[in-house]
Amino acid sequence: GVQVTPGPSGVTSPHAIALGDFPKYTAQMRKIPARNRSFMMGLKDSIYEYDQVSVPQHKVSFSYDWYMDTTRVTVVEYASVMNWALRNGYVEVRTNRTYGNRAIYTLTDSIAGLAPVTDLGGSSKTFLDFNALTHVFGAAFSQNYPMIDATWYGAVAFANYKSLMAGLEPVYDLRTWNPDYTKNGYRLPTEAEWEYSERAGTTTLYFWGDSLTFASKYVSPSYWAVAVARPNNYGLYDMVDNGSDWCNDRGSLYTSAPSIDPIGPPNDGTSFDGTRIQRGNERSGDRTIMTVDGGSAGLRLVLPIH
């Protein structure tokens, strides 16, 4: 491919991970070949009303590769990382004053809930259980199911804590919630990284073709354990349905302008400021703009290669 000059987004790291060290950080991830490659992001036509935010198509190029989780983070992995965060004084569990349910909160920001946990009586059908006697998080039912009950705050906090556990630099400031793309730790994918990874080199409407005929081979039945359906060409499971994934990008509308290493628009005083993008729910082209604290979704992390 043609050499792509890094874009203004600053998706580079002054403390890049040595190539020989990547295996210990990427055990459950796949390398996504994107360096010096381009693709057409978005849908060609807005077939349905809900796809109006997915047009127009526009050219996106990348100057780097990245690793991406092969599946959405499972409930048991989310619980494991939050147990570490609880033991090390990063989070607490308390009752939400507005809704009355218990949730995880960071100690640096008591306003933003990360994820709800089961009520004391155990009646709440949340994904994450918290034992008030032992102070341990666990899976409320099946540990191999995706954790799709986290707010955007809960997704980025998980990325930070996993980075700290691994000895990497946390990407997010949990006071301002802004990402620093010069850090070398785990983070949520940008929307462009997510769609490029999901399409996996294909140009059809869905990554398996233009028809829904074979969708059942690649889409899990309703909410199900991860990696039951077939993966895409990059070895990524459940990119369509079985929940959705939070992305880094603030909500926005597409333009036809080409871009390099896009990270989405900055906060600019519009109604989009308190929103982020979710991708992967129900349809290959599905793109949802959700509020950071009202919406809940799953997550899969990326680790860029610089």
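The first residue of the sequence shown is numbered 1, and numbering continues consecutively from there.
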Q) Taking the six-membered ring of Y105, is NZ or CZ of R94 closer than 6.0 Å to its centre and within 45° of its axis? A) yes
Indicate if [X] and [Y] have the same hydrophobic cluster label, given that clusters are the connected sets of ILVMFWY residues with side-chain heavy-atom separations under 4.5 angstrom.
X: Y78; Y: V76; result: no
X: F130; Y: M147; result: yes
X: L253; Y: M40; result: no

Q) Side chains of N248 and Y172: do they bring a donor and an acceptor to under 3.5 Å? A) yes
Q: Return the minimal non-hydrogen interatomic distance between T190 and R187, and the atom names on each side.
A: N-NH1, 3.7 Å
Q: Identify the two heavy atoms, one from P265 and one from G251, that lie closest to each other, and give their separation to 0.1 Å.
A: CG-O, 4.3 Å
Q. With sequence neighbours left out, what residues match F39 under ring pair (Phe, Tyr, Trp, His ring centres under 6.0 Å)?
A. Y196
Q: Can you measure from CD1 (I277) to OG1 (T288) and round to the nearest 0.5 angstrom?
A: 8.0 Å
(Q) Using 30° and 60° as the class boundaries, would you call the ring planes of W66 and F62 parallel, tilted or perpendicular? (A) perpendicular
Q: Output every pair passing side chain to side chain donor-acceptor pair (under 3.5 Å) with a member in residues 156-170, not counting sequence neighbours, ordered by first then second residue.
A: H15-E169, E77-K162
Q) Could you walk me through whether F207 and N233 pass the side chain to side chain contact (heavy atoms under 4.5 Å, CB included) check? A) CA-CA 8 Å; F207 68 76; N233 291 340; over 6 Å; no
